[in-house]
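Quick notes on the structure that follows.
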Amino acid sequence: MLETQASVFTEPLSFRIIFRVLGSMRLAVHLLLFVAIASIIGTILPQQEVYTDYLHQFGTFWFNVFGNLDLYDVYRCGWYMGIVAFLIVSTTVCVFRNAPSMLREMRHVKSNPSESFLQSRPEQFESFSSKSDIESTQSATATLDDFGYQARVLKTSTGDSVIFAQKGRFYRTGYLLTHVGIILFCAGALYNANLPLKWSEWTGTVHPEKNFDLPLSKIPQSSWLSSTSSAFRGIITIPVGQTVNAMFELVGDGFLVQHLPFMLRLDAFKVTHYSNGLAKDFVSTISLYHHDGKKFKTGIVRVNHPMSVDGVQIYQSSYSDSASKLNLHNYLLSAPALPPAAISTSVGEHLKTFGSQYAISITDFKTQNVIPRKAVGLSPGPDHGMINMGPTVSYLVNNDRDHTRIILKSYMKAFSRHGEAYRLIGFRENGSSAYHYLTIPQGPKDGIHLFMRYLGDLEQAARNGENASKTVFISNLKKAEAQTQVYLTPHERDDFLQSSLKAMQELRAYPLPFLTVFHDYDLHWSAGLEITRYPGMKVIYVACFALVFGIFILFYVPRRRIWIQMSEDDDKGRRFKLFGDSSRNEEDFHRDMEELNDKLQERL
């Protein structure tokens, strides 16, 4: 059995075919869609942060998925820049293909419109005139001029006269401006993406450092970038009074050190808060110096109000404690009557206590801390259910014997409940999310010395064989008052007695043999600054203007064309045929044409 095979015609691949595909609307729309989706992802997902933060936020599985897709630095990853570059090529080809014909159409008017061309116009009207050729032409031209049209007389292929008029002659500039705006916008974005840096990474010229604990002096030169880099975006944390000339640019799971084109000193820092403890505003006062030490600019940087100098933008991004001196009092619960041990420390330091069995790590310090009011036995306030507890120290206690870990918070400011002042200490086991709180009565003077002395006296009374009774409680409280020289009125004594008994019950759930109480502090701030240089922003601003202006032309400047064909009619005089078309808003144009036709009939 014979089989016949149909021949398949394949158009040879040529430059013209590639040129046509690159300039097609379908390809441009798909590329714009991909860029829009990627940009949405880059807007929702925080960019260029430390990888450990992403790991804690998303978990191992999604962290790896997002990392493999380069979603942590979308705007500078290879596939995103490839799509943007492809979009530039496609849009440029589209402009080259269509711009010449559009320019010719705007510059030249077809001088001999054919009959078939006129008959194909969507708007057509007919009228007659008894006036002469010259008078009719003048009347028609004047009428068109009243409607805002620029008119001129043409000749058709049959030799008849045609009056041609139009509005929005340069409406095609809207298409050109929008396309050129897209090209400039994408080009500026690629320029800001610092292609030379990406090329250096791909070729291995620079190597991001992954050890974030490495001192600046020991970071290898292969991880340093020149101050002449075309574009950069980095962060730096500066303590008040210090000067820096470099910052850190996060790249993947590591970082590069970027030389700054100037030296930056943080002169002062100030933060203000709302009544609920949330940060209201934070302001840095900074001075900029040339590398020879000469100051050339001083100013302030606050949230959403950056400082600009020679194309470099300095933003206020965060703030933190900078080794503030924290003064703590450490009480032994086995001997509460003893004076507390005074501890001077700062965030990040490690201490030993209770015969070196317990290791204390100071993990955080905040000047403002907001907790639920119900956590300390207070009813919700009229405005919100939170209370600002002021300065707070957080620390982690490791028991080296049983390897348990306890997380604690000590609040410096006392709070008032039912007219009595309390000091607060929160604690929870590592892995638990809920804090338990000790509310220790403070008495009429600052500190918990009276309560601790009272607790020690009660423990001594118990060791002496005294039974728990109201008489024993009151007598030992008076004894503690005399020892601490903090004297209570009878009413204050009754309240303090009740509060102390409740605090002793809370201490039964407390897992440590000591109390570390936050006493006071010497504050030192650090400001977190983000420093950027995006030289392509000027191009992007021009692109935005071109896009907005081009879209405005497309929406509000339609092209409207009108032809009035004049011919002789033996029975009715001169015949006038009115033709018209519009690039958009056909319904509005139809009403205008009807009004124009009525005016022409009146004048002709």
Hey, what's the ring geometry for Phe255 with Phe248, parallel, tilted or perpendicular (30° and 60° as the breaks)? perpendicular
Heavy atoms, side chains only, cut-off 4.5 Å: are Leu326 and Tyr395 in contact? no
Is there a side-chain contact between His259 and Trp224 (heavy atoms, below 4.5 Å)? yes
Any side-chain heavy-atom pair of Pro196 and Trp199 under 4.5 Å: no
According to the interplanar angle, ranging from 0 to 90°, do the rings of Tyr521 and Phe518 count as parallel (below 30°), tilted (30 to 60°) or perpendicular (above 60°)? tilted
Heavy-atom side-chain contact between Leu256 and Glu209 under 4.5 Å: no
Salt bridge or not for Asp495 and Arg493, using N-O below 4.0 Å? no
For Tyr54 and Phe66: C-alpha separation, side-chain torsions, deciding distance, then whether ring pair (Phe, Tyr, Trp, His ring centres under 6.0 Å) applies. CA-CA 9 Å; Tyr54 292 121; Phe66 294 159; 8.8 Å; no
Only residue of Val244, Asn245, Thr243 satisfying side-chain contact (heavy atoms from CB on, under 4.5 Å) with Leu264 is Val244
More than 12 heavy atoms of other residues, nucleotides or ligands under 6.0 Å from NE2 of His305: is that the case? no
Answer yes or no: does atom CD of Glu429 have more than 12 heavy-atom neighbours from other residues, nucleotides or ligands under 6.0 Å? no
Would you say the side chains of Thr353 and Asn330 form a donor-acceptor pair under 3.5 Å? yes
Out of curiosity, Lys502 NZ to Leu497 CG, how far, rounded to the nearest 0.5 Å? 14.0 Å
Can you classify the ring geometry of Phe269 versus Tyr319 as parallel (below 30°), tilted (30 to 60°) or perpendicular (above 60°)? tilted
Check: Thr60 main-chain N/O paired with Asn64 side-chain donor or acceptor under 3.5 Å: yes
Decide whether Asp267 and Ser287 meet the rule of one side-chain donor and one side-chain acceptor closer than 3.5 Å. yes
Looking only at the side chains, is there a donor atom on one of Ser469 and Asn467 sitting less than 3.5 Å from an acceptor on the other? no
Yes or no on salt bridge (Lys or Arg N to Asp or Glu O under 4.0 Å) for Asp310 and Lys297, after CA distance, side-chain angles and deciding distance? CA-CA 11 Å; Asp310 296 332; Lys297 189 169 185 177; over 6 Å; no
Can you see whether Ser361 engages His350 through a side-chain donor-acceptor pair at a distance of less than 3.5 angstrom? yes
Looking only at heavy atoms, the pair that brings Ala323 and Asp321 closest together is N-OD2, 3.5 Å
Side chains of Tyr454 and His449, donor plus acceptor under 3.5 Å: no
Value rounded to 0.5 Å, distance of CE in Met386 from NZ in Lys374: 10.0 Å
Between Tyr422 and Arg417, is there a cation-pi geometry (under 6.0 Å to ring centre, at most 45° from the normal)? yes
Would you confirm whether Ser410, through its side chain, and Val393, through its main-chain N or O, come within 3.5 Å as a donor-acceptor pair? no
Using side-chain contact (heavy atoms from CB on, under 4.5 Å) as the criterion, point out the one residue from Thr298, Ile300, Leu288 that pairs with Met307. Leu288
Rounded to the nearest 0.5 Å, how far apart are CD1 of Ile286 and CD1 of Ile314? 4.0 Å
If you count every heavy atom of other residues, nucleotides or ligands that lies below 6.0 Å from Asp402 atom CG, does the total exceed 12? yes
Donor on one side chain, acceptor on other, Glu506 and Thr439, under 3.5 Å: yes
4.5 Å side-chain heavy-atom contact, Ser526 and Pro239: yes
Between Tyr72 and Phe63, is there a donor-acceptor pair closer than 3.5 Å when you use the side chain of the first and the backbone of the second? yes
Between the CG atom in Leu351 and the CD1 atom in Ile362, the distance rounded to the nearest 0.5 Å is 5.5 Å
Do the side chain of Thr43 and the main chain of Ser39 share a donor and acceptor less than 3.5 angstrom apart? yes
Can you tell me if Tyr435 has over 12 outside heavy atoms packed within less than 6.0 Å of its OH? yes
In terms of side-chain heavy atoms, does His403 have a donor or acceptor partner in Asn399 at a distance below 3.5 Å? no
Taking atom types as modelled and ignoring hydrogens, do the side chains of Gln460 and Arg463 form a donor-acceptor contact shorter than 3.5 angstrom? yes
Go through the steps for His290 and Phe262 under the test side-chain contact (heavy atoms from CB on, under 4.5 Å), then give the verdict. CA-CA 5 Å; His290 293 297; Phe262 46 72; over 6 Å; no
Kindly say whether Asn388 contributes a backbone atom to a donor-acceptor pair with the side chain of Lys413 at under 3.5 angstrom? yes
Between Leu529 and Ser284, is there a side-chain heavy-atom distance shorter than 4.5 Å? yes
Name the one of Ile360, Ile343, Val517, Asp520 that satisfies side-chain contact (heavy atoms from CB on, under 4.5 Å) with Leu328? Ile343
Decide if the gap between the ring center of Tyr510 and the ring center of Phe427 is smaller than 6.0 angstrom. yes
OG-CG distance between Ser226 and Leu197, expressed to the nearest 0.5 angstrom: 12.0 Å
Distance-only polar pair, side chains of Thr205 and Ser200, donor-acceptor under 3.5 Å: no
If we only count heavy atoms from C-beta on, is the Leu266 to Gln242 side-chain gap below 4.5 Å? no
Using a strict cut-off of less than 4.0 Å between a Lys/Arg side-chain nitrogen and an Asp/Glu carboxylate oxygen, indicate whether Asp73 and Arg233 qualify as a salt bridge. no
Minimum side-chain heavy-atom gap Ile387-Ile371 below 4.5 Å: yes
Quick one: pull up CG in Asn192 and CZ in Arg533 and give me the separation to the nearest 0.5 Å. 11.5 Å
Counting distance only, does the side-chain N/O of Ser324 pair as donor-acceptor with the main-chain N or O of His524 below 3.5 Å? yes
Arg76 bridged to Glu249 by N-O distance under 4.0 Å: yes
Can you confirm whether more than 12 heavy atoms, excluding those of Lys366, are under 6.0 Å from its NZ atom? no
What I want to check is whether the side chains of Gln313 and Thr532 have a donor and an acceptor closer together than 3.5 Å. no
Please work out whether the ring planes of Phe514 and Tyr358 are parallel, tilted or perpendicular, with thresholds of 30° and 60°. perpendicular
